[in-house]
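Each remark here refers to the structure printed beneath this line.
Lettering follows sequence order; numbering is per chain, from 1. Any value given below was found using the heavy atoms of this structure, including those in side chains, with hydrogens, waters and symmetry copies removed.
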Protein chains: 2
Amino acid sequence: MHELEKLIDRIVDRVNINLRKPAFDVGPYIRRLIELEQFVRFYGFYGLTQHHPIHFLFINSSIAGSYFLGKCIVDNSVLYKTDVRGDELKAKGDCFECQSLTIPLHDDEVIHIKDSYLIKTLVHNHSHDPESPEKFFIQNSASMHYANIHGSPIEGCFLGPFATVDLTRLHDCVIGAHAYVMAGELAHCYIKPGQIWIQGGDYFNFMYRFPEEVLDKYIHLQPGCHPTGIFMDFVGEHKADFESVFKVVQSSRPIPVPEGASLSRYAVVKGNTEISENVLVSQRAYIENSWIGRSSNAQENCYIINSRLEGQNITAHGGKVIHARLGEKVFVGFNSFLRGTPECELRIGSGSIVMPHTIIDLEEPLEIPEGRIVWGYIRGAEDLEENSLPLERLAAINDRFELGRMSFDGNGLQLVEAFRHRIDHILEANGANFDGTAKHGHAQRARNISFNTIQPYPEGNFKGLCPRIEISQ
Amino acid sequence: MHELEKLIDRIVDRVNINLRKPAFDVGPYIRRLIELEQFVRFYGFYGLTQHHPIHFLFINSSIAGSYFLGKCIVDNSVLYKTDVRGDELKAKGDCFECQSLTIPLHDDEVIHIKDSYLIKTLVHNHSHDPESPEKFFIQNSASMHYANIHGSPIEGCFLGPFATVDLTRLHDCVIGAHAYVMAGELAHCYIKPGQIWIQGGDYFNFMYRFPEEVLDKYIHLQPGCHPTGIFMDFVGEHKADFESVFKVVQSSRPIPVPEGASLSRYAVVKGNTEISENVLVSQRAYIENSWIGRSSNAQENCYIINSRLEGQNITAHGGKVIHARLGEKVFVGFNSFLRGTPECELRIGSGSIVMPHTIIDLEEPLEIPEGRIVWGYIRGAEDLEENSLPLERLAAINDRFELGRMSFDGNGLQLVEAFRHRIDHILEANGANFDGTAKHGHAQRARNISFNTIQPYPEGNFKGLCPRIEISQ
């Protein structure tokens with residue numbers, strides 16, 4: 001038996017031990033899911049710039065096709081085409097504010113992935129766990145295709161495909177397919193597939209759940225099988241384009257990259273596409289035949305096709321925008337799937353917020369007015385009524401409120417403010433406000449990255465595993 | 001001033017301190033010789049297989065375009081497009097025989113390059129220094145284009161372009177352009193350009209020196225300039241072909257690679273070329289429109305063009321064979337330049353030995369009979385008379401002997417035996433004798449290498465330098 005297979009078995013046992021309550025066996029989901037050959041086919045790559053602190057350490061791990069930036073440790077883990085972005089980690093001397101406390105960091109924060117198996121997962125942002133500000137750990141955990149682990153240390157967890165854990169600390173939890181959780185801290189929970197849950201401390205609680213029959217069409221997970229459904233078919237159709245960008249060492253820029261903007265050499269750009277100033281296009285983003293307005297960002301695993309984005313648009317990790325026209329400062333949350341067609345175009349007015357994991361799959365043209373908040377499952381105007389609100393209406397709520405499958409408790413203004421604050425933070429961090437000399441963000445810092453590639457042992461007992469590698473300043 | 005420029009200045013000072021006798025200033029030869037931009041353009045690459053012990057350590061160094069295999073440490077050094085092959089190093093427990101002594105190794109041997117600047121240099125084979133069997137050091141030294149450091153630890157040395165030091169330990173020596181030295185141990189020597197010197201202990205001494213005006217045509221070095229001459233023009237003409245093999249991550253095999261043979265993905269293969277069983281084609285080898293017979297090896301920086309090699313042919317590091325037909329087991333030594341033309345073909349009979357650094361540049365067709373040893377400068381039949389001997393005639397010499405510019409002292413049989421022994425060893429080490437199950441060599445072990453690439457900082461103060469990288473098992 002190969003060492004890599006043994007490693008995967010060890011990971012399965014460790015996750016299962018943590019998940020004895022809720023009783024859950026991750027084995028059938030990840031064991032033998034990916035052929036050994038696949039781990040040899042793809043190289044890992046880490047970005048080197050003068051702007052990011054450096055410490056990479058890989059110990060007895062497989063990192064096929066995975067991307068690293070900033071400070072990361074990967075220890076007895078399997079990362080398959082996973083993005084670990086340590087470019088927003090906290091630094092030595094920073095202070096972590098929590099309630100009335102201010103905790104100064106005695107060291108740079110490091111993302112530490114141990115005894116875990118992450119498939120096509122995105123790990124980003126800094127730990128929002130006040131208990132370990134220097135270490136963002138992912139331990140004894142497994143995550144499936146296109147899961148997002150965002151500012152969320154996890155321990156003993158299983159994340160289904162397209163699941164997102166956002167600014168939440170998790171112990172021994174199972175997060176179902178396409179479920180989204182932002183809830184502070186959770187232990188021993190089972191979050192059902194398609195559950196969208198946003199809890200703002202004691203201030204508010206937002207809940208929505210996709211109808212099972214709808215969710216199954218888009219993403220469905222069975223033990224021992226790859227995930228299936230429209231989401232998987234969609235990414236599958238665009239796979240080949242990515243293979244071509246990965247097989248050259250340095251690619252020439254396919255389109256002009258204006259002042260203050262950056263276009264990852266590991267992004268796909270096709271058709272008549274234009275990007276404007278201060279735009280960030282991250283690795284594994286796919287832009288086809290679209291216009292990306294000033295200060296927008298297109299994050300990892302996002303797809304923007306046949307669309308026009310007016311400016312300051314955020315398309316978050318895994319967001320998909322097809323045949324759409326988005327006004328200024330429209331926010332499209334994690335793993336949202338917005339699919340218009342040439343006949344049924346989607347228009348979204350300025351300042352609207354598309355909540356994470358929203359599915360808009362049009363059967364008729366649809367125009368969403370300015371300043372709306374949108375969620376759930378929308379095929380046309382009728383669904384929109386049940387799955388959106390004007391932001392000012394939400395802001396006026398201060399009690400329980402229900403609409404269709406959505407229920408809200410608490411202070412609407414707090415939710416609206418939280419979103420607005422976050423959107424401004426994301427734009428700032430990504431360099432949207434760069435003025436040519438100051439207010440740098442990722443768009444400017446990522447302009448000049450060199451990528452180092454890591455190949456595993458090509459054959460033998462250690463086939464698919466990397467030797468121990470440490471890179472430091 | 002960039003850190004890389006400071007590093008080069010420090011190296012210059014260290015080499016000069018060592019070379020105060022013979023008084024020699026390496027500064028003008030290497031300072032600002034290569035543009036800073038060039039150090040950013042090329043990636044270093046190290047090979048990973050299950051057959052080679054692994055320990056790479058790069059500290060405060062630039063390794064642009066350099067290749068590594070086996071155990072290597074690069075410490076405060078600049079390696080520009082240099083090959084460091086640690087695949088023939090001694091292993092822990094091996095015994096080093098020297099005179100009547102047997103010295104067991106307490107550790108694996110490591111190539112340790114410190115405070116040195118090597119340009120397009122080849123470092124290979126294990127240390128033949130009995131005084132440090134575990135450490136093959138290259139220290140406080142500088143070497144120029146296409147120098148070969150073969151089994152030769154050096155300290156405080158300057159090697160000119162196309163110079164070769166072979167199984168010789170050097171302290172504080174200057175080796176002129178295209179000079180070849182195999183002489184046990186040397187200190188504070190200046191070896192003139194074009195000097196060929198082979199000393200077999202007390203047994204024999206072979207000397208030849210190229211006429212200055214001839215050598216200048218082929219290779220000429222002036223302070224502050226790149227080397228010039230026919231050798232540099234020749235490699236320059238083929239540069240573009242190499243750029244194309246370096247810019248893809250994995251290349252498909254351009255021609256079939258038979259059982260037991262290996263063709264480096266960093267070699268150039270063009271035209272109607274065929275390689276036979278058990279053939280080794282190393283990285284940076286160039287094969288065009290040629291037939292490479294069974295069990296031959298084409299080593300780093302060699303060029304084989306419009307030629308036919310019958311089998312068991314060795315084309316050593318930097319050897320060039322153009323418009324030639326070589327019989328079986330013809331040996332072509334380091335940096336030899338054998339250039340026929342369509343009108344003036346070169347034929348060399350089986351079992352002949354072309355000594356290192358020989359220049360055969362034909363103005364008429366030439367046939368060298370079987371079993372000859374050839375050296376020096378040859379344009380046609382007349383030169384051949386003065387620059388070759390039947391091996392059995394050389395074997396019969398047991399005194400002083402002179403022919404043209406060559407002088408020989410001692411026992412000819414010893415020289416012939418030494419060459420034959422070495423040729424057999426090279427064939428064996430390269431896998432020429434592989435029988436499908438046993439007698440593996442480089443040709444078999446190199447069949448499946450994965451290459452990891454190392455890019456330097458792309459900008460800023462550390463531009464062109466790598467972070468600290470350590471790779472271990």
Would you mind checking which part of [X] comes under 4.5 Å of any heavy atom in chain B, side chain (CB onward), backbone (N, CA, C, O), both or neither?
X	answer
A/S472	both
A/F45	neither
A/F451	backbone
A/R447	neither

Within a reach of under 6.0 Å around [atom1] of [X], are more than 12 heavy atoms found that belong to other residues, nucleotides or ligands?
X	atom1	answer
A/F462	CZ	no
A/E35	CD	no
A/R10	CZ	yes

Task: Side-chain (A/S450) to main-chain (B/Y457) donor-acceptor, under 3.5 angstrom - done: no
TODO: Look only at the side chain of B/T453 and the backbone of A/T453, and say whether a donor-acceptor pair between them is shorter than 3.5 Å.
DONE: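 Such a contact is found between B/T453 side chain and A/T453 backbone.
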Open item on the list: Quiz question: by atom type and distance under 3.5 Å, do the side chains of B/N448 and A/E459 form a donor-acceptor pair?
Closed with: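 Yes, side-chain donor-acceptor contact under 3.5 Å.
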Open item on the list: To the nearest 0.5 Å, what is the distance between CD1 on B/I471 and CZ on A/R468?
Closed with: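 Answer rounded to 0.5 Å: 11.0 Å.
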TODO: Heavy atoms only, distances under 4.5 angstrom: which of B/K247, B/K463, B/H51 has the most pairs with chain A? Name it, please.
DONE: B/K247
Task: Minimum-distance pair of heavy atoms, taken over all atoms of A/L48 and B/P458 - done: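 Nearest pair, atom of A/L48 first, then B/P458: O-CD, 3.6 Å.
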Task: Part of B/I454 lying under 4.5 Å from any heavy atom of chain A - done: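 Both parts, backbone and side chain.
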